[in-house]
Amino acid sequence: MARVVKVFRTLRNHWKKSTFAVCVLSYGGHWLYGKHCDNVLRREACIEARAFGHQLIGPQEHLKKAIVILNPAACNRKANSLFEKNAAPILHLAGVEVKIVKTDYEGQAKKLMELMDQTDMLIIAGGDGTLQEVITGLLRRVDEETFSKIPIGFIPLGSSNSLSQSLHLVSDNKVQHITSATLSILKGETVPLDVLQIKSEKEQPVFALFGLRWGAFRDVTASISKYWYLGPLKTRAAHWFSSLKQWPQSHQASLSYLAPVPRPPDLPTEIPPRPNLLYRIYRRLKNYWNPPIEEPEPERWESKDISTLELTVSTHNKNPVKRVSTDIIVALHGNVCIINSIEFLLIGKVLNPMESIEDASQIEASAASLNLPEVSILFEKEYEAMSVEVRLLPRKLRFFCSAERREQLAQAQ
């Protein structure tokens with residue numbers, strides 16, 4: 001008993017050191033517990049992946065091949081370590097023949113896609129920037145009709161992973177997020193996604209999965225990093241300084257768009273039986289003597305001048321399971337007036353066009369043409385602004401999706 005009293009007396013007499021020691025031990029214990037939980041998640045994922053590796057394959061079958069486009073610079077240069085610890089063991093245990101291609105500089109992924117050989121699956125390990133580069137490089141190929149049928153997996157390793165919310169269960173635990181995304185690739189369930197084709201008169205087309213942004217909130221997004229020295233106030237400071245430069249916030253442009261058209265029907269899951277020989281001969285002779293003549297109807301563009309805080313052109317990829325009847329949505333976030341400018345000044349946060357599109361004035365269209373002033377546009381990455389034409393390629397690519405997330409999105413319709 002005397003020893004216990006002596007210990008408490010010592011702790012009371014040295015309360016500063018005791019408090020510091022308790023804080024250090026608490027932090028160390030929490031850190032060790034987090035590491036233990038991460039190891040448990042990795043072990044469970046590897047056990048599940050090993051079951052795929054134990055499956056027998058026929059003598060005429062070959063191991064599945066996967067090409068991984070890895071951006072080591074993603075997530076503050078932690079992407080390579082995250083992939084090697086959390087994703088690579090799962091792919092190897094599943095018996096997948098993995099070929100890892102690492103990018104060295106920005107834009108290299110586009111060039112690598114031009115040299116890519118045929119593979120069973122394509123895996124993108126990075127963030128939104130890496131994803132956009134790979135999609136653009138893939139669809140710029142001459143034989144893109146063949147390579148666009150390759151299923152694509154997305155492993156979220158970047159600082160921004162917008163697509164992951166549409167494909168995988170969202171988790172605050174980075175390890176769980178990566179392992180679940182990798183396991184969904186092995187399970188093989190896919191979902192079709194729309195692609196935006198953005199054409200200009202000067203450059204090759206660029207492709208995006210979510211949308212295109214232009215306006216006040218986009219400008220703030222690009223300038224937040226300049227005020228890094230203000231810490232948690234940098235976003236609000238970017239809004240204030242942007243308002244000081246231009247008041248009220250006004251962005252004018254000329255918008256032309258085509259009326260929405262019905263989307264093409266889903267492709268059948270089963271291949272229909274081939275007609276008999278006589279019917280095929282009759283059909284060929286009929287098409288030879290009376291070839292069908294299809295005269296395309298002229299496109300009827302509607303034009304209007306707009307003045308808004310923010311303009312977005314977005315797809316329906318936020319919920320790819322939802323059945324939609326339109327192609328793209330042109331959303332105008334607020335008309336130019338003093339009230340909306342004050343809201344922009346006081347909002348103090350960056351607008352996410354995918355989340356706030358319901359509150360905006362919407363125009364449904366099958367294609368849109370934007371004539372913009374000399375400012376920049378942002379669609380997954382930042383580009384120089386110019387007159388662009390935006391068209392949607394419906395269900396152009398197929399991405400691996402977890403069954404649990406698919407059920408959640410289906411229930412949310």
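What you see is a predicted model, and the numbers here were worked out from it, not measured in a lab.
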[atom1]/[X] to [atom2]/[Y] distance, rounded to the nearest 0.5 angstrom?
{"X": "Lys174", "Y": "Leu41", "atom1": "NZ", "atom2": "CG", "answer": "14.5 Å"}
{"X": "Leu196", "Y": "Phe210", "atom1": "CG", "atom2": "CZ", "answer": "10.5 Å"}
{"X": "Lys304", "Y": "Ser254", "atom1": "NZ", "atom2": "OG", "answer": "11.0 Å"}
{"X": "Ile178", "Y": "Thr182", "atom1": "CD1", "atom2": "OG1", "answer": "7.5 Å"}
{"X": "Asn71", "Y": "Glu106", "atom1": "CG", "atom2": "CD", "answer": "9.0 Å"}
{"X": "Ser159", "Y": "Lys78", "atom1": "OG", "atom2": "NZ", "answer": "9.0 Å"}

Ser166 versus Asn317, side-chain donor and acceptor atoms under 3.5 Å: no
Polar contact flag, side-chain donor to acceptor under 3.5 angstrom, Arg42-Asn39: yes
Hey, does [Y] have a side-chain heavy atom less than 4.5 Å from the side chain of [X]?
{"X": "Leu255", "Y": "Glu302", "answer": "no"}
{"X": "Ile185", "Y": "Ile90", "answer": "no"}
{"X": "Ile152", "Y": "Ile135", "answer": "yes"}
{"X": "Phe207", "Y": "Leu138", "answer": "no"}
{"X": "Gln108", "Y": "Glu133", "answer": "no"}
{"X": "Cys75", "Y": "Leu82", "answer": "yes"}
{"X": "Gln197", "Y": "Val390", "answer": "no"}
{"X": "Met116", "Y": "Met113", "answer": "yes"}

Return yes if some donor-acceptor pair links the side-chain N/O of [X] with the main-chain N/O of [Y] below 3.5 Å, else return no.
{"X": "Ser402", "Y": "Leu167", "value": "yes"}
{"X": "Asp194", "Y": "Arg395", "value": "yes"}
{"X": "Asn173", "Y": "Gln176", "value": "yes"}
{"X": "Thr315", "Y": "Leu209", "value": "yes"}

Derivation of the side chain to side chain contact (heavy atoms under 4.5 Å, CB included) call for Thr146 and Gln118: CA-CA 9 Å; Thr146 301; Gln118 187 63 249; 3.8 Å; yes
Side chain to side chain contact (heavy atoms under 4.5 Å, CB included) assessment of Thr130 paired with Leu157: CA-CA 10 Å; Thr130 310; Leu157 300 180; over 6 Å; no
Within 6.0 angstrom of Tyr27 OH, more than 12 heavy atoms from elsewhere: no
Tyr229 atom OH, neighbour heavy-atom count above 12 within 6.0 Å: yes
Step-by-step salt bridge (charged side-chain N to carboxylate O under 4.0 Å, His left out) determination, Glu145 to Lys396: CA-CA 9 Å; Glu145 285 293 336; Lys396 184 65 176 177; 3.4 Å; yes
Decide, yes or no, whether a salt bridge links [X] with [Y] under the criterion of side-chain N to carboxylate O below 4.0 Å.
{"X": "Arg43", "Y": "Glu48", "result": "no"}
{"X": "Arg391", "Y": "Glu389", "result": "yes"}
{"X": "Arg405", "Y": "Glu189", "result": "no"}

If you compare all heavy atoms of [X] against all heavy atoms of [Y], which two are closest, and at what distance to 0.1 Å?
{"X": "Gly126", "Y": "Ala74", "answer": "CA-CB, 4.3 Å"}
{"X": "Leu70", "Y": "Ala79", "answer": "CD1-O, 4.3 Å"}
{"X": "Ala87", "Y": "Ile155", "answer": "CB-CD1, 3.9 Å"}
{"X": "Leu186", "Y": "Phe52", "answer": "O-CE2, 3.7 Å"}
{"X": "Leu163", "Y": "Asp128", "answer": "N-OD1, 4.2 Å"}
{"X": "Gly127", "Y": "Phe154", "answer": "O-CE1, 4.0 Å"}

Residue pair Leu258, Trp301: steps toward the side chain to side chain contact (heavy atoms under 4.5 Å, CB included) verdict: CA-CA 5 Å; Leu258 291 175; Trp301 291 84; 3.7 Å; yes
Cut-off 3.5 Å, no hydrogens considered: what does the side-chain donor-acceptor table look like for residues 53-69, sequence neighbours left out?
{"unit_1": "Glu61", "atom_1": "OE1", "unit_2": "Gly58", "atom_2": "N", "d": "3.4"}
{"unit_1": "His62", "atom_1": "NE2", "unit_2": "Asp120", "atom_2": "OD2", "d": "3.4"}

Chi angles and distances behind the side chain to side chain contact (heavy atoms under 4.5 Å, CB included) call for Leu32, Lys35: CA-CA 5 Å; Leu32 290 175; Lys35 291 294 183 182; 5.5 Å; no
